[in-house]
2 protein chains.
Amino acid sequence: MLLTDGTTKQLNCLAQVQPIRDALDVVGGKWKVLILTAIMQGNRRFREIETSIPKLNPKVLAKELKDLEEHQLIQRIVHDDYPVLIEYVATDYARTLKKVMLELHDWGVNHRKQVFGK
Amino acid sequence: MLLTDGTTKQLNCLAQVQPIRDALDVVGGKWKVLILTAIMQGNRRFREIETSIPKLNPKVLAKELKDLEEHQLIQRIVHDDYPVLIEYVATDYARTLKKVMLELHDWGVNHRKQVFGK
DNA sequence: CATTGCGCTTACGTTGAGGTAACTGCCTTC
DNA sequence: GAAGGCAGTTACCTCAACGTAAGCGCAATG
């Protein structure tokens, strides 16, 4: 065991927490989960997604879609017919988030009870 | 089934996502997980916590501790000896976060592989 | 040929999370 | 009585997220 001094322990702790922060970066923020859910529910077109989520504006949507694509959670598909048609679909990889989302959801539901409901 | 029109479906989706956002609010941000972990590892005093986390400053720590206390994840204990001594301890309730953290951690570790690794 | 829809982009403004530095009141130690 | 530790607070600043409004190029539609 190397955990004999404070410094090593500290570094170890930071390393342990880093993946959690990574995950939160991907899924955190005001819109990511909402947008991903909308897409998974079958909203594929830009406007469709936009109008399916109240108060979401096109500038923010465009940026969030780019982020989600970078993280390989969605795919942007361009159909070169005329008029050009663009679709966003969730990747298989995005399904790996299911367990995480479920845990977050359950904890969130329970937390509401804990803090308000008696 | 009430899910016959778009509006109902939309509201339903929003409701489903809300608990996830609640959970992310509690545990999100740059410092919360780090601070909670530090406390769980046995750092109980304000200065102790502060110095155990690099780059964390007292103003932010004070605010985050208040948040965590409001959400009942930690307890602030004042020992009225002289000199006054103050301790922060994780509540039993905070342990309920373990599964969520584990899922986030595992997903985060895997995500690093997915995005960079081969 | 005006309007509408699509998939955005651009220029601007606001807000809040987080950072910096200094300082406070209280107590102990040198 | 100067210095230092503890548990913060205060005033000020920065920056990125997010919001608002408008517009662009293209195609279809009336």
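Excluded from the calculations below are hydrogen atoms, water molecules and symmetry mates; all remaining heavy atoms, backbone and side chain alike, are included.
- Summarising the geometry, the separation between CD on E50(B) and C1' on dT20(C) is reported as 13 Å, rounded to the nearest angstrom.
- Ranking dT9(D), dC8(C), dG8(D) by closeness to the R76(A) side chain, first place goes to dC8(C).
- R47(B) has its CZ atom 14 Å from the P atom of dG4(D), to the nearest Å.
- Between the side chain of S52(B) and the main chain of A38(B), no donor-acceptor pair closer than 3.5 Å is present.
- The CD-P distance, from E48(A) to dC8(C), rounds to 13 Å in whole Å.
- Within a heavy-atom distance below 4.0 Å of DNA chain C, the residues of residues 57-65 of chain B found are N57(B), K59(B), V60(B), E64(B).
- Of the possible donor and acceptor atoms, none in the side chain of D81(A) sits under 3.5 Å from a partner among the backbone N and O of V84(A).
- One side chain, D22(B) or Q18(B), offers a donor N or O that lies under 3.5 Å from an acceptor on the other.
- Salt bridge D25(B)/R21(B): absent, no basic N to carboxylate O contact under 4.0 Å.
- If you take CD1 of I86(A) and P of dG25(D), they are 17 Å apart, rounded to a whole angstrom.
- Near-neighbour residues of DNA chain C inside residues 28-40 of chain B, defined by a heavy atom below 4.0 Å, number-ordered: G29(B), K30(B), W31(B).
- Salt-bridge formation is not detected for the pair K66(B)/E69(B): no Lys NZ or Arg NE/NH1/NH2 atom is positioned less than 4.0 Å from an Asp or Glu carboxylate oxygen.
- For D80(B) and dC27(C), the CG to C1' distance is 14 Å, given to the nearest whole Å.
- D25(B) has its CG atom 15 Å from the C1' atom of dA17(D), to the nearest Å.
- Using cut-offs of 30° and 60° on the angle between ring planes, the pair Y93(B) and W107(A) is parallel.
- In this model, the phosphate group of dC6(D) is not approached by any side-chain N or O of R45(B) to a distance below 4.0 Å at OP1 or OP2.
- Atoms CG (L56(A)) and P (dT20(D)) sit 11 Å apart, rounded to a whole Å.
- OP1 or OP2 of dG8(D) sits under 4.0 Å from a side-chain N or O of Y88(B).
- In this structure, V78(B) is not a member of the same hydrophobic cluster as V89(B), with clusters built from ILVMFWY side-chain heavy atoms closer than 4.5 Å.
- In this structure, the ring of F116(B) has its center no less than 6.0 angstrom from the ring center of H111(B).
- Residues satisfying the side chain to side chain donor-acceptor pair (under 3.5 Å) criterion with E87(B), sequence neighbours excluded, are R44(B), H79(B).
- Counting to the nearest Å, the C1' atom of dA7(D) and the CD1 atom of I77(B) are 16 Å from each other.
- Using a 4.0 Å cut-off, no side-chain N or O of K66(B) falls inside it from OP1 or OP2 of dA7(D).
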